[in-house]
Amino acid sequence: MVNFKNKLFALAVLMAAIATDAQTICNMPAAGLMACKPSVTPPNPSQPTATCCSALAHADMRCLCNYKNSNVLPSLGIDPNLAMQLPQKCKLPHPANC
């Protein structure tokens with residue numbers, strides 16, 4: 001379960017990378033990353049949208065794992081704990097271990 005949560009944390013880090021004007025990050029388009037941001041932003045996160053879940057389902061989880069230890073998330077208002085809940089909320093299978 002911890003490795004799964006680390007992967008979600010990485011997803012949230014990738015959302016922060018949108019500021020770099022990247023078109024895709026780890027097979028997630030910028031639009032998918034932005035669609036997930038309301039679900040990982042406190043104090044009242046929303047449920048993930050179909051766009052967010054679809055983007056997450058097609059993401060390269062090994063690539064996302066490269067971002068799991070970033071300190072960028074809190075500085076962007078992203079709650080790592082909320083990010084770690086996204087795959088479960090999207091009813092996605094557990095990704096491979098990092």
Side-chain angles (χ1 to χ4, degrees):
M1 185 69 157
V2 172
N3 287 330
F4 180 68
K5 289 182 179 183
N6 287 340
K7 289 179 179 137
L8 293 218
F9 180 79
L11 172 64
V13 171
L14 294 178
M15 287 183 223
I18 291 175
T20 66
D21 295 325
Q23 292 297 318
T24 62
I25 300 168
C26 299
N27 292 336
M28 286 189 71
L33 293 169
M34 288 305 293
C36 290
K37 189 168 181 186
S39 301
V40 295
T41 305
N44 297 310
S46 63
Q47 288 296 315
T49 63
T51 301
C52 169
C53 293
S54 178
L56 184 59
H58 294 95
D60 179 341
M61 296 309 282
R62 290 219 178 266
C63 176
L64 292 175
C65 288
N66 291 324
Y67 296 92
K68 70 182 176 184
N69 295 317
S70 173
N71 293 321
V72 174
L73 295 181
S75 69
L76 296 173
I78 295 171
D79 183 326
N81 293 320
L82 293 173
M84 290 185 250
Q85 297 170 15
L86 281 180
Q88 181 180 356
K89 288 182 177 181
C90 289
K91 297 180 176 32
L92 298 175
H94 292 283
N97 291 336
C98 288

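Computation of the quantities below employed the complete heavy-atom set of this structure, encompassing side-chain atoms and omitting hydrogens, waters and symmetry-equivalent molecules. For this chain, numbers begin at 1 and follow the sequence in order.
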Undergrad: Does the side chain of V40 come within less than 4.5 Å of P45's, by heavy atoms?
TA: no
Undergrad: Suppose we screen for side-chain contact (heavy atoms from CB on, under 4.5 Å). Which residues come up paired with T51, at least two apart in sequence or across chains?
TA: A35, T49
Undergrad: Using modelled atom types and a 3.5 Å cut-off, is there a donor and acceptor pairing between side-chain atoms of T41 and backbone atoms of K37?
TA: yes
Undergrad: If you measure from the SG of C90 to the SG of C53, is it under 2.5 Å?
TA: yes
Undergrad: Please report the C-alpha distance between L86 and S39 in whole Å, then the side-chain angles of each, then the deciding distance to 0.1 Å, and finally whether the side chain to side chain contact (heavy atoms under 4.5 Å, CB included) criterion is met.
TA: CA-CA 8 Å; L86 281 180; S39 301; 3.7 Å; yes
Undergrad: So, taking the atom named CG in L82 and the one named OG in S46, what distance separates them when rounded to the nearest 0.5 Å?
TA: 10.0 Å
